[in-house]
Amino acid sequence: IDRHTSETFGRIQKARFSMEYAFFMSSTAEELKTVGEIAAALGKPKHVITYAIDRHGIRETRRAGIARLFDAEAVEAIKAAMAKEGGRHA
């Protein structure tokens with residue numbers, strides 16, 4: 001694949017992700033949050049949230065492209081997992 005094709009493919013993927021994310025966010029009655037949105041709400045770094053999700057096997061509610069989307073129940077599970085871990089990020 002040449003550079004031009006690769007750049008075009010990257011732009012198409014980004015546009016596709018944006019459309020899927022917008023669709024999922026607008027078409028659900030429940031509010032779904034990304035890892036970044038959860039991190040901002042909890043005042044924690046994204047990598048700490050991702051670690052808690054992966055370590056405790058918390059599953060996303062939906063996906064929009066590569067983004068994992070979590071409902072309120074999953075956010076509570078993430079909070080509980082972080083509290084259980086303790087340490088400086090709890």
Residues that Glu73 engages under side chain to side chain donor-acceptor pair (under 3.5 Å), provided they are two or more places apart: none
Hydrophobic cluster identity match, Ile38 and Ile58, side-chain contacts under 4.5 Å: yes
Do Arg62 and Leu32 have side-chain heavy atoms sitting under 4.5 Å apart? yes
Please tell me if the side chains of Ile49 and Met82 come closer than 4.5 Å, counting only heavy atoms from C-beta onward. yes
Just jot down the side chain to side chain contact (heavy atoms under 4.5 Å, CB included) partners of Lys79, sequence neighbours excluded, or say none. Leu42, Val75, Glu76
Set of salt bridge (charged side-chain N to carboxylate O under 4.0 Å, His left out) partners for Lys46, sequence neighbours left out: none
Output the distance between atom CZ (Phe70) and atom NZ (Lys33), rounded to the nearest 0.5 Å. 12.5 Å
Please check: side-chain N/O of Thr34 versus main-chain N/O of Leu69, any donor-acceptor pairing under 3.5 Å? no
Thr50 side chain near Val35 side chain, heavy-atom distance below 4.5 Å: yes
Show your reasoning for whether side-chain contact (heavy atoms from CB on, under 4.5 Å) applies to Ile53 and Arg68. CA-CA 11 Å; Ile53 291 167; Arg68 299 185 287 177; 3.7 Å; yes
